[in-house]
Amino acid sequence: MPQHLALVTLVVRDYDEAIRFYTQQLGFELLEDTPLGPAKRWVRVAPPGAGPGACGLLLARAATAAQRRSVGRQAGGRVGLFLYTDDFWRDYHQLLARGVVFEAPPREEPYGTVAVLHDLYGNRWDLLEPRRVAE
């Protein structure tokens with residue numbers, strides 16, 4: 001099998017609140033929630049319909065003071081996560097209806113239609129429909 005990214009760790013305050021946000025507000029699927037001990041779980045989520053081998057998030061509860069300080073600022077305040085879509089306006093309106101917070105109205109950029117959203121911790125995401133390139 002060729003190499004590919006499988007998971008990106010996202011440090012969270014609490015497993016259950018993160019699962020609720022990512023599944024109920026962003027509409028992700030809970031792929032796995034396996035206990036690994038009294039205070040640790042292996043929790044994986046991914047966008048709906050992400051096929052086998054698609055990259056997902058590993059939700060990891062902050063266990064140290066340094067990890068707790070990083071919750072919500074894992075990309076230093078920059079957009080650090082990118083949610084691609086094939087229908088920007090469908091997904092934008094669905095996310096708004098579920099209470100997802102966008103920091104500004106959508107805009108057209110040379111690379112596509114984009115709006116920056118915040119997750120429950122303040123991490124910044126791009127919801128992005130890439131511009132189709134003529135073949």
Side-chain angles (χ1 to χ4, degrees):
M1 171 187 284
Q3 293 181 349
H4 67 277
L5 287 177
L7 294 170
V8 173
T9 298
L10 190 64
V11 181
V12 300
R13 267 192 316 248
D14 177 81
Y15 290 116
D16 294 321
E17 73 178 4
I19 290 169
R20 276 191 303 278
F21 176 82
Y22 286 101
T23 61
Q24 294 174 15
Q25 288 191 265
L26 281 191
F28 283 20
E29 296 174 352
L30 177 61
L31 303 177
E32 184 176 0
D33 185 356
T34 303
L36 298 177
K40 190 171 181 181
R41 291 154 58 180
W42 185 260
V43 178
R44 295 184 307 122
V45 296
C55 189
L57 294 176
L58 177 68
L59 303 179
R61 189 182 60 78
T64 66
Q67 290 173 7
R68 284 188 289 278
R69 285 190 301 273
S70 76
V71 171
R73 296 205 39 85
Q74 292 172 107
R78 293 185 59 115
V79 171
L81 297 158
F82 299 81
L83 183 59
Y84 276 34
T85 177
D86 63 348
D87 186 335
F88 177 88
W89 293 106
R90 173 199 65 210
D91 292 342
Y92 175 76
H93 290 294
Q94 285 178 351
L95 292 170
L96 278 176
R98 292 185 197 130
V100 172
V101 175
F102 287 85
E103 68 179 47
R107 64 188 191 277
E108 294 294 326
E109 295 289 347
Y111 52 84
T113 306
V114 62
V116 178
L117 65 94
H118 292 208
D119 70 13
L120 75 164
Y121 301 115
N123 291 304
R124 297 173 75 222
W125 292 62
D126 270 357
L127 174 65
L128 174 63
E129 181 179 352
R131 186 152 332 278
R132 288 173 177 43
V133 177
E135 295 181 25

(request) Answer yes or no: does atom CZ of Arg78 have more than 12 heavy-atom neighbours from other residues, nucleotides or ligands under 6.0 Å? (result)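 No, the 6.0 Å shell around CZ holds no more than 12 heavy atoms from other groups.
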
Closest approach of [X] and [Y], non-hydrogen atoms and distance?
X	Y	value
Ala75	Gly80	CB-CA, 3.7 Å
Val11	Gln67	CG1-O, 3.8 Å
Gly27	Pro48	O-CD, 3.4 Å
Pro106	Ala115	CA-CB, 3.9 Å

(request) Considering only NZ, NE, NH1 and NH2 on the basic side and carboxylate oxygens on the acidic side, decide whether Arg131 and Glu108 come within less than 4.0 Å. (result)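 Salt bridge between Arg131 and Glu108, a charged N being under 4.0 Å from a carboxylate O: yes.
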
(message) Show, in sequence, the C-alpha distance, side-chain angles and deciding distance for Asn123 and Gln74, and conclude whether the side-chain contact (heavy atoms from CB on, under 4.5 Å) test is met.
(response) CA-CA 7 Å; Asn123 291 304; Gln74 292 172 107; 3.7 Å; yes

Pairwise distance [atom1]([X]) to [atom2]([Y]) - rounded to 0.5 angstrom:
X	Y	atom1	atom2	result
Leu57	Leu81	CG	CG	6.5 Å
Leu120	Arg13	CG	CZ	6.0 Å
Leu127	Thr85	CG	OG1	6.0 Å
Gln24	Leu26	CD	CG	11.0 Å
Leu30	Arg20	CG	CZ	12.5 Å

(request) Report the C-alpha distance between Val71 and Val12 in whole Å, list the side-chain angles of each, state the deciding distance to 0.1 Å, and finish with yes or no for side-chain contact (heavy atoms from CB on, under 4.5 Å). (result) CA-CA 6 Å; Val71 171; Val12 300; 5.6 Å; no

Got a sec, which residues hit side-chain contact (heavy atoms from CB on, under 4.5 Å) with [X], two or more places apart in sequence or on another chain?
X	value
Ala54	Ala50
Gln94	Arg90, Asp91, Arg98
Tyr15	Lys40, Arg41, Val43, Arg61

Side-chain heavy atoms of [X] within contact of [Y], under 4.5 Å:
X	Y	value
Leu83	Asp126	no
Tyr111	Pro130	no
Leu7	Arg44	yes
Leu58	Trp42	yes
Asp33	Ile19	yes
Leu95	Leu117	yes

(request) May I have the step-by-step check of side-chain contact (heavy atoms from CB on, under 4.5 Å) for Val116 and Arg107, ending in yes or no? (result) CA-CA 10 Å; Val116 178; Arg107 64 188 191 277; 4.3 Å; yes

(request) Determine the interplanar angle of the Trp89 and Tyr92 rings, folded into 0 to 90°, and report it as parallel if under 30°, tilted if 30 to 60°, perpendicular if over 60°. (result)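 Ring orientation, 0 to 90° scale: perpendicular.
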
(message) Tell me if the centroids of the rings in Phe21 and Tyr121 come within less than 6.0 Å of each other.
(response) no

(request) Assess whether side-chain contact (heavy atoms from CB on, under 4.5 Å) is satisfied between Cys55 and Val8, documenting all intermediate values. (result) CA-CA 7 Å; Cys55 189; Val8 173; 3.8 Å; yes

(request) Under the side chain to side chain donor-acceptor pair (under 3.5 Å) rule, what do Asp119 and Tyr22 come out as? Steps first, then yes or no, please. (result) CA-CA 8 Å; Asp119 70 13; Tyr22 286 101; 2.6 Å; yes

(request) Spell out, yes or no, whether Leu31 and Leu10 are grouped together once hydrophobic residues are joined by side-chain heavy atoms under 4.5 Å, including indirect joins. (result) no

